[in-house]
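Okay, structure first, notes after.
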Amino acid sequence: MKKATAIAKKSGSSQEKDGASPSRLIDARIEELSDWRGEMLARVRTLIRQAEPDVVEEWKWRGVPVWERAGIICTGETYKNVVKLTFAKGASLEDPSGLFNSSLDGNTRRAIDFHEGDEIDEEALKALIRGAVALNTSRRATVRPAGSGKKSSSA
């Protein structure tokens, strides 16, 4: 937990004024929903943690759970009729199981809308999580910070 908090402080976006950790804020969101949406968000969160044990939980944009590893993996937003899991670089991910069912027109993000009663293809979702982490870590390794004096070759 200390690792996640230390990283969260660097980003400057996760700690609320009361000092609650992002993980505790996500716990509170799940509890306050107290219906199928809370159950779905909790289940998705568990699957994310299983797929990527080193995931860092964040709390951004005035109350959105965010899961990161070398960049944003996905966000978990809750609405009246849907729990939306948005993958930051979803358009670049393989989705052989066809989980993405929302935000399909954009060039970057893709989302999965979960409705009440939906079943989760757990293995397919974990594969998407792992794919997002692999994409984040591969790009982080090849992209150099601006001003480093070195350019990555495109040959």
Side-chain angles (χ1 to χ4, degrees), residues 1-11 13-16 20-143 152:
M1 187 55 90
K2 287 184 180 181
K3 178 180 173 186
T5 303
I7 292 171
K9 286 180 181 176
K10 284 183 184 177
S11 73
S13 60
S14 298
Q15 295 267 335
E16 293 291 303
S21 74
S23 293
R24 287 185 188 203
L25 292 167
I26 295 169
D27 289 341
R29 169 64 50 83
I30 289 168
E31 190 173 322
E32 82 183 19
L33 289 167
S34 70
D35 61 10
W36 72 269
R37 296 170 302 159
E39 292 171 14
M40 183 66 74
L41 186 59
R43 185 69 194 130
V44 166
R45 180 191 199 190
T46 297
L47 294 171
I48 292 167
R49 289 171 160 178
Q50 289 174 354
E52 180 48 57
D54 292 329
V55 71
V56 175
E57 293 188 315
E58 296 279 3
W59 185 257
K60 295 185 178 186
W61 309 298
R62 297 185 183 149
V64 177
V66 179
W67 292 275
E68 297 186 353
R69 169 90 197 284
I72 294 175
I73 299 168
C74 61
T75 64
E77 297 174 276
T78 54
Y79 300 97
K80 183 178 180 180
N81 295 315
V82 69
V83 172
K84 181 180 286 288
L85 198 64
T86 303
F87 286 74
K89 298 174 186 144
S92 299
L93 297 175
E94 295 290 324
D95 181 21
S97 297
L99 293 182
F100 291 131
N101 61 10
S102 183
S103 304
L104 301 175
D105 295 333
N107 293 328
T108 307
R109 291 183 297 277
R110 293 285 183 271
I112 305 168
D113 285 354
F114 295 102
H115 298 89
E116 186 171 10
D118 283 354
E119 294 291 322
I120 299 175
D121 183 338
E122 295 182 0
E123 292 309 311
L125 182 57
K126 287 180 186 181
L128 277 178
I129 299 296
R130 290 183 196 110
V133 170
L135 183 62
N136 285 353
T137 56
S138 70
R139 286 188 177 179
R140 172 110 354 146
T142 59
V143 175
S152 54

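Computation of the quantities below employed the complete heavy-atom set of this structure, encompassing side-chain atoms and omitting hydrogens, waters and symmetry-equivalent molecules.
Around CD of Glu31, the count of heavy atoms belonging to other residues, nucleotides or ligands within 6.0 Å does not exceed 12.
Atom-to-atom distance recorded for Arg130:CZ and Leu93:CG is 13.5 Å, nearest 0.5 angstrom. Atoms CD1 and CG, from Ile48 and Leu41 in turn, are 8.0 Å apart once rounded to the nearest 0.5 Å. Note that CD1 of Ile72 is 12.5 Å distant from CZ of Phe87, once rounded to the nearest 0.5 Å. In this structure, the separation between OG1 on Thr78 and CZ on Arg29 is 5.0 Å, given to the nearest 0.5 Å. From Ser97, atom OG reaches atom CG of Asp121 across 5.0 Å, with rounding to the nearest 0.5 Å. Interatomic distance, CG of Asn136 versus NZ of Lys89, reported as 3.5 Å (0.5 Å rounding).
Using a 4.5 Å cut-off on side-chain heavy atoms (C-beta onward), Leu47 and Ile129 make no contact. Side-chain contact between Asp27 and Arg45 is present, with at least one heavy-atom pair separated by less than 4.5 Å. A 4.5 Å side-chain heavy-atom check between Ile112 and Leu125 finds at least one atom pair inside the cut-off. Contact of the Ile120 side chain with the Met40 side chain is registered, since non-hydrogen atoms from C-beta on lie closer than 4.5 Å.
Judged as a salt bridge (charged side-chain N to carboxylate O under 4.0 Å, His left out), the pairs with a partner in residues 99-117 (not counting sequence neighbours) are, in order, Lys84-Asp113.
Across all non-hydrogen atoms, the minimal contact from Val55 to Arg49 is CG1-CG, 4.1 Å. Counting all heavy atoms, side chain and backbone alike, Thr137 lies closest to Ala70 at CG2-CB, 3.8 Å. Smallest separation of non-hydrogen atoms from Gly90 and Phe100: O-CE1, 3.7 Å. For the residue pair Trp67 and Gly76, the shortest heavy atom distance occurs at CZ3-N, 3.5 Å. Taking all atoms of both residues into account, the shortest heavy-atom contact from Cys74 to Leu85 is SG-CD1, 3.8 Å.
Listed by chain and residue number, nothing satisfies the ring pair (Phe, Tyr, Trp, His ring centres under 6.0 Å) test with Phe114 (two or more places apart in sequence, or in another chain).
A salt bridge does not link Asp118 to Arg43: none of the charged side-chain nitrogens sits closer than 4.0 Å to a carboxylate oxygen.
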